[in-house]
Amino acid sequence: SKKKGLSFEEKRARMMEIFFETKDVFQLKDIEKIAPKEKGITSMSVKEILQSLVDDGMVDTDRIGTSNYFWAFPSKALHARKRKLGELESQFAESNQKKEALQKSIEKSKIGREDTAERAALIEELAAFRQKKEQLKAEIDKYRECDPDVIEEMRQTNKVAKEAANRWTDNIFSIKSWAKRKFGFEESRIDKGFGIPEDLDYID
């Protein structure tokens, strides 16, 4: 089956891994070589992903001579993420308070009144705050995905899944080998009979 591509946030998290794991300084051309090979990020999206991390303060950049250099260290990234999370959560709480106040105003305006221009304006404003609330929630989730702790947890989960997949692949190969020796079955017949893909192989 066709492999599902990485989401935008997964690419951001994997690019942060490059900086966190190496603690090195890179030029864009370096990242464009490393990201596709080691992190599965397509070369065409490297510049966009890197710029988004720079814009969010997750990656630092500076121009020296004619070249731009990029770097990010876990300690700074963690503090920046916590600061941004704090700002977003504060805005989120403020939006919730305004939303509740607007809802109370709407409920109050319903009592003994027909639809009015004021009520319509309040409903429109409430809808705008609901939209803002969802945007802030999405922003908070985005920064959580760039948390070094979350990235490390994802790395460990991927490692366990990879080991399990390779272990089952090894078991399948062993059973196929035994069936060929025991019953003289052809490998293609075994694959077809048990629905085993012809290109089954270990995960690198």
Side-chain angles (χ1 to χ4, degrees), residues 1-92 134-174 197 199-204:
S1 60
K2 187 176 180 181
K3 290 184 178 179
K4 183 181 177 182
L6 297 172
S7 70
F8 188 76
E9 291 309 321
E10 285 172 333
K11 291 177 182 178
R12 281 166 55 93
R14 290 196 179 192
M15 188 166 290
M16 290 304 297
E17 287 180 2
I18 295 174
F19 293 105
F20 291 160
E21 290 169 357
T22 63
K23 298 180 178 64
D24 204 350
V25 178
F26 301 96
Q27 289 182 262
L28 176 60
K29 63 182 180 181
D30 301 324
I31 301 296
E32 287 176 332
K33 290 178 182 177
I34 296 170
K37 184 178 179 181
E38 297 186 10
K39 299 299 178 183
I41 302 170
T42 56
S43 56
M44 290 187 297
S45 64
V46 166
K47 189 173 182 179
E48 179 189 4
I49 299 298
L50 183 58
Q51 187 59 51
S52 77
L53 293 170
V54 170
D55 293 342
D56 289 339
M58 303 296 292
V59 172
D60 290 319
T61 183
D62 198 6
R63 189 175 184 83
I64 302 174
T66 59
S67 302
N68 290 320
Y69 291 86
F70 301 89
W71 69 92
F73 301 115
S75 58
K76 180 183 183 300
L78 184 58
H79 290 312
R81 184 192 66 83
K82 286 182 177 178
R83 183 174 64 253
K84 184 66 175 180
L85 272 176
E87 293 173 1
L88 290 170
E89 285 171 348
S90 176
Q91 293 178 42
F92 187 74
E134 292 304 314
Q135 290 174 348
L136 289 170
K137 185 177 179 182
E139 280 286 305
I140 290 173
D141 290 341
K142 180 177 73 174
Y143 278 87
R144 286 202 176 105
E145 288 190 20
C146 287
D147 187 334
D149 293 335
V150 174
I151 291 173
E152 177 60 27
E153 184 179 346
M154 288 171 59
R155 187 186 297 114
Q156 292 302 322
T157 300
N158 288 340
K159 180 181 177 183
V160 171
K162 176 182 173 182
E163 290 174 350
N166 284 336
R167 188 165 55 251
W168 278 106
T169 299
D170 195 44
N171 290 340
I172 291 171
F173 284 152
S174 295
D199 58 352
L200 178 69
D201 203 350
Y202 296 101
I203 299 173
D204 293 331

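One-based numbering along the sequence shown.
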What distance do Lys47 atom NZ and Ile49 atom CD1 have between them, rounded to the nearest 0.5 Å? 13.5 Å
Here the pair of heavy atoms bringing Gln27 nearest to Tyr69 is CG-CE2, 3.5 Å
How far does CD1 of Ile34 sit from CE of Met15, to the nearest 0.5 angstrom? 10.0 Å
Taking only residues two or more places apart in sequence or in another chain, which ones pass side chain to side chain contact (heavy atoms under 4.5 Å, CB included) with Ser90? none
Just verifying a value: how many Å separate Trp71 CH2 and Thr22 OG1, rounded to the nearest 0.5 Å? 13.5 Å
Kindly state each residue pair satisfying salt bridge (charged side-chain N to carboxylate O under 4.0 Å, His left out) with at least one member in residues 58-73, sequence neighbours excluded. Asp60-Lys76
Could you pull out the closest heavy-atom pair between Leu6 and Lys11, with the gap in Å? O-CE, 3.6 Å
Where is the tightest heavy-atom contact between Phe20 and Ala72, given as atom of each residue plus distance? CD2-O, 4.2 Å
Shortest non-hydrogen contact from Val46 toward Ala35: CG2-CB, 3.8 Å
Considering residues at least two apart in sequence or located in another chain, which fulfil the ring-ring contact (aromatic ring centres under 6.0 Å, His included) criterion with Phe26? Phe19
Rounded to the nearest 0.5 Å, how far apart are CD of Glu48 and CD1 of Ile41? 11.5 Å
Distance, nearest 0.5 Å, that separates OG of Ser7 from CZ of Arg14: 9.5 Å
Go through the structure and list residues passing side-chain hydrogen bond (donor to acceptor under 3.5 Å, both in side chains) with Thr66, not counting sequence neighbours. none
Report the residues that fulfil salt bridge (charged side-chain N to carboxylate O under 4.0 Å, His left out) with Glu21, sequence neighbours left out, ordered by chain and then residue number. Lys39, Arg155
Minimum side-chain heavy-atom gap Val59-Leu50 below 4.5 Å: yes
Of all the heavy-atom pairs spanning Lys23 and Phe73, show the shortest one and how long it is. O-CE2, 3.7 Å
Considering only NZ, NE, NH1 and NH2 on the basic side and carboxylate oxygens on the acidic side, decide whether Glu9 and Arg12 come within less than 4.0 Å. yes
To the nearest 0.5 Å, atom CD1 of Ile31 lies from atom CG of Leu53 at 10.0 Å
Can you list everything that forms a side-chain hydrogen bond (donor to acceptor under 3.5 Å, both in side chains) with Ser43? Sequence neighbours excluded, please. none
